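Structure in structure tokens, see below.
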Amino acid sequence: MSKIIAKVIVDNRASKTDKPYTYAVKKDMEEDLKQGMRVLVPFGMGNRFIKGIVIETERYSGDIFKLKYIEELLDDRPIISEEILELGLWMREKYLSSYLDALHAVMPPGDIKEITTYIYMKNRPSSETYSLSHIQKNIINLLNKNEKISFKELKEKIKDNNIRKHIKKLEEIGILETDLEVGTKVGKRYEKYIDLKDNNIKLEELISEIDNRAFKQKEIIEYLYMHGETPLKKLLKEVNTSHGVIKSLEKKNRIAIIEREVLRNPIPKGILNYEKHRLTEKQQYCLDEILNCIKENKENKFLIHGVTGSGKTEIYLQLIEKLIEKGKEAIVLVPEISLTPQTVERFVGRFGQNVAVLHSRLSAGERFDEWRRIKRGEVKIVVGARSAVFAPFNNLGIIIIDEEHENSYKSSMNPKYNAIEVAEKRCELEGAALVLGTATPSIETYYRAKNGEIKLLTLLDRINNKKLPIMNIVDMRDELNSGNKSILSTDLYNAIEENLKDKKQTILFLNRRGYSTFISCRKCGYIAKCKNCDISLTYHFSDNKLKCHYCGMIDTPPRICPKCGSKYIKYFGSGTQRVEDLIKKLFPQAKVARMDVDTTSRKGSHEKILQNVKNGNIDILIGTQMITKGLDFPLVTLVGIIAADTSLNLPDFRSSERTFQLLTQVGGRAGRGDFEGQVIVQTYNPKHFSIQMAKEHNYTQFYNKEILLRREFKYPPYMEIISLVIYGRDKGKVSEVSKEVYGKIILELRKNKLEKLEKDIFGPNPAPLEKLKNNHRWQIIFKSDKGDSSMLKDIINRVCIYNSQSKKYKGIKFSIDVNPNSIL
DNA sequence: AGCACGCCGACT
DNA sequence: GTCGGCGTGCTC
């Protein structure tokens with residue numbers, strides 16, 4: 001006779017136990033057990049019970065006497081859908097992470113061990129309980145005594161094998177409701193609600209009982225009689241009174257105070273309605289194309305390549321509107337940094353309470369609440385950073401990824417997933433459409449669009465026929481030759497001055513924060529470096545400290561050189577702080593603001609600066625990366641890029657692409673209002689094609705050139721790259737282990753007849769960032785064709801997992817990154 | 001992570 | 001002869 005067995009991933013932080021364990025399923029559990037449920041299983045010699053997640057169930061006709069039995073079900077239904085579970089398992093394979101890490105990413109936020117299923121009474125049963133079985137009546141009786149009861153407790157009290165069926169039945173007829181809660185660590189928020197004690201007494205009667213002098217009490221009673229149950233806060237406001245009145249009514253036993261749990265809603269209050277715009281002809285065409293393709297099942301992946309200011313957001317909004325009308329749900333991914341009110345406002349302003357927002361600044365409790373709102377179907381749209389791609393919708397219609405080229409879509413933690421690839425996979429699994437949008441598509445995406453894998457839609461014009469800004473390139477070598485040693489070229493200086501006179505706004509962009517980027521001794525050449533990271537320290541003027549931008553270490557700047565004792569310590573290089581300083585000196589009358597990690601670390605400071613720019617309280621805004629993301633300031637007419645070469649000179653295969661994107665995106669901030677914009681780009685490489693093509697706003701030509709280089713030097717999209725970093729405290733051991741791992745991988749490749757891959761393995765070498773946070777780092781880079789990559793991954797995984805347990809490699813860790821953002 | 005097993009030295 | 005310290009390896 002065949003039995004059911006289940007594959008379980010145990011929640012045990014040890015890489016050796018990170019594999020599916022097979023458990024037998026007791027007969028009475030067979031029907032209830034589903035993949036995606038949490039279970040309690042006996043594990044190890046001592047058979048201690050640990051929690052695990054069922055990833056698969058199957059029929060099995062062989063012997064099962066060797067297997068242990070699942071002890072208990074912890075959920076009455078799967079906490080994640082089949083598709084999402086599959087997505088998690090797919091991620092594990094694709095990005096070489098552990099089962100547990102992959103599942104954590106797709107499960108509800110927080111500690112999945114601490115989740116409890118609760119059962120509530122939704123509506124008390126009416127008199128016709130005769131249709132209910134006595135077990136069902138027992139359940140109701142239990143709930144009459146308690147407000148809620150955990151699934152576990154209910155099982156203990158009602159000893160019945162079909163308990164889940166009974167719950168389901170009661171839920172169907174609207175008596176019960178189930179809900180998930182995270183354990184102790186995350187508190188719930190309650191709010192007081194006020195209602196009349198007895199709703200059956202007539203108003204006149206109630207009023208007559210109240211002392212004639214108590215006007216406010218009467219008012220409250222009247223209000224409650226008219227409106228029914230009201231939140232305390234609202235009641236006080238509406239009746240314009242204070243707590244005392246409520247207190248005395250409570251004493252007289254005329255009103256009831258009810259505590260109800262409120263879901264935290266992190267969406268800021270008071271967002272104005274965001275009016276629907278009429279689409280331009282091009283926008284409309286774009287929208288219709290997408291809708292038609294979805295309708296006719298032709299295509300379901302789209303790239304909207306629209307220049308900055310071409311109105312992509314309005315297309316997203318109307319697209320979502322149409323899909324919601326059809327009962328579908330939508331996920332919108334935006335780069336973390338632009339999850340400031342600007343983007344959120346547009347979605348909330350259009351769809352109101354139908355929107356949930358997920359971003360990194362939410363507390364654990366807020367995050368869990370949002371997750372539940374989505375799961376329960378209370379919202380139709382999620383706007384969020386990369387992890388929002390896992391939002392637990394059941395009827396997903398579309399995933400929109402704005403600013404598709406942004407590197408924040410790639411996770412730096414395990415699983416090191418790329419939200420774009422995950423979104424694509426999820427869309428395939430759930431039959432949803434994928435829409436990518438950007439002014440500067442990533443080379444990989446555009447390549448696929450050109451090959452017809454993704455449908456390309458192009459918007460070449462800004463809305464209202466606004467012109468793209470004029471890009472002027474300034475050769476800083478000429479400046480130097482003509483005696484200008486300042487970080488501002490004459491052209492940029494003049495333009496700022498002019499702009500100030502015209503009462504227009506200016507944005508200055510510099511990719512480095514801090515004051516000076518390194519300090520050095522002029523006598524002996526000593527450079528101040530971080531003792532944990534082997535990276536030069538940045539001088540921060542405001543607190544007179546040296547900071548490491550990688551590990552956060554803070555040090556006091558030396559007065560005399562620690563190496564040779566000379567006094568000739570000099571500060572080199574410029575960061576945003578220094579630019580701010582200089583601008584304030586040069587234009588004392590201007591109102592200047594700086595926006596980088598250092599000025600926006602406090603909650604709300606980001607918004608404040610942006611608000612000030614919007615209101616026109618700022619003349620010149622100086623900032624890093626942060627200011628490139630989709631900001632829309634109509635009064636900005638001049639953008640100055642202080643040093644375009646910073647990103648160009650990085651030894652990374654994406655540096656040209658980054659530079660082009662940066663110039664285009666930053667430049668795109670200019671001239672979005674009624675005035676034409678101008679961009680001044682300062683560089684030592686004016687002839688570089690990234691800069692030249694950005695100047696001409698010519699993406700296609702940039703792409704054509706870059707794609708040839710990618711093919712020539714075997715980089716994505718032609719090849720898949722895997723970066724393996726071996727790191728640890730002990731320098732000698734790291735290099736030793738790296739070499740050994742390399743040897744083992746080569747050996748395995750030969751065993752598997754994959755010698756041809758050997759020539760595309762680079763290393764082991766010290767990583768470009770050789771020491772970070774006290775860890776020495778070595779790196780091996782693998783390049784392979786898409787077809788061979790899964791075999792290669794398998795081998796890398798085997799070798800590394802195997803070794804990570806070995807005594808010999810104690811204190812050594814492996815970091816595997818599939819298709820990394822950069823190979824630094 | 002736990003837990004048992006086994007090898008080895010110390011102690012009854 | 002056996003008790004326990006610790007290194008090693010396995011957990012369906």
Side-chain angles (χ1 to χ4, degrees), chain A residues 1-75 78-80 82 85-86 88-89 92-93 96-105 107 110-115 182-185 413-415 727-730 733 736-737 740-741 744 794 797-816:
Chain A
M1 201 183 76
S2 76
K3 301 222 171 190
I4 300 279
I5 53 167
K7 300 262 165 76
V8 176
I9 302 301
V10 294
D11 196 350
N12 192 346
R13 284 263 153 228
S15 54
K16 272 240 163 160
T17 60
D18 191 70
K19 59 183 177 194
Y21 286 91
T22 311
Y23 280 88
V25 180
K26 290 177 195 153
K27 259 263 129 358
D28 59 15
M29 226 181 249
E30 280 190 357
E31 207 176 319
D32 289 350
L33 186 78
K34 298 263 154 41
Q35 51 179 212
M37 277 184 177
R38 294 170 312 140
V39 289
L40 206 60
V41 290
F43 196 71
M45 321 267 173
N47 276 337
R48 80 206 151 86
F49 289 117
I50 59 172
K51 291 178 182 177
I53 299 144
V54 178
I55 56 161
E56 207 184 319
T57 59
E58 62 183 68
R59 286 218 160 263
Y60 182 71
S61 46
D63 282 331
I64 59 160
F65 62 88
K66 272 189 258 165
L67 301 181
K68 291 180 186 175
Y69 281 87
I70 289 177
E71 175 69 16
E72 193 182 341
L73 301 182
L74 295 173
D75 301 303
I79 47 178
I80 49 169
E82 234 173 89
L85 177 63
E86 197 179 333
L89 297 173
R92 184 195 76 92
E93 271 184 43
L96 293 178
S97 82
S98 66
Y99 275 100
L100 221 49
D101 283 336
L103 289 176
H104 259 289
M107 291 271 195
D111 190 349
I112 48 177
K113 274 187 279 194
E114 301 298 326
I115 295 168
V182 236
T184 46
K185 267 172 263 169
M413 288 188 306
N414 278 327
Y727 64 99
R729 295 280 138 106
D730 185 337
K733 208 164 175 183
E736 190 188 313
V737 170
E740 198 173 314
V741 164
K744 280 187 178 162
D794 221 43
N797 207 18
R798 266 211 310 277
V799 171
C800 292
I801 292 290
Y802 180 76
N803 283 339
S804 66
Q805 280 315 104
S806 152
K807 273 284 115 39
K808 212 165 131 199
Y809 299 149
K810 216 178 155 193
I812 301 289
K813 286 190 179 131
F814 299 93
S815 162
I816 308 170

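Everything numeric in this text was worked out from a predicted model, so none of it was measured.
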- Item | Rounded interatomic separation in angstrom, taking CG from Leu100(A) and P from dA1(B) | 13 Å
- Message: Whole angstroms only, please: what is the CG-P distance between Asn12(A) and dC3(B)?
- Response: 12 Å
- Rounded distance (Å) that lies between atom P of dC10(C) and atom CG of Asn47(A): 18 Å
- Could you tell me whether Glu58(A) and Lys7(A) make a salt bridge, using a distance below 4.0 angstrom between a side-chain N and a carboxylate O? yes
- Go through the structure and list residues passing side-chain hydrogen bond (donor to acceptor under 3.5 Å, both in side chains) with Glu72(A), not counting sequence neighbours. none
- Query: Does Lys733(A) come within less than 4.0 Å of Glu736(A), counting only side-chain N to carboxylate O?
  - Reply: no
- Task: Give one of base, sugar-phosphate or nothing for Tyr23(A), where a contact means two heavy atoms less than 4.0 Å apart.
- Result: sugar-phosphate
- In whole angstrom, what separates Phe43(A)'s CZ from dG9(C)'s P? 17 Å
- Task: Return the value, rounded to whole Å, for the distance between atom CD1 of Ile50(A) and atom C1' of dC3(B).
- Result: 13 Å
- Task: Send over the distance from Tyr21(A) OH to dC10(C) P, rounded to a whole Å.
- Result: 11 Å
- Counterpart residues, ring pair (Phe, Tyr, Trp, His ring centres under 6.0 Å), relative to Tyr23(A) (two or more places apart): none
- Distance in angstrom units between Asp18(A) CG and dA1(B) C1', rounded: 14 Å
- Atom-to-atom span, CG of Leu40(A) to P of dT11(C) - whole angstrom: 20 Å
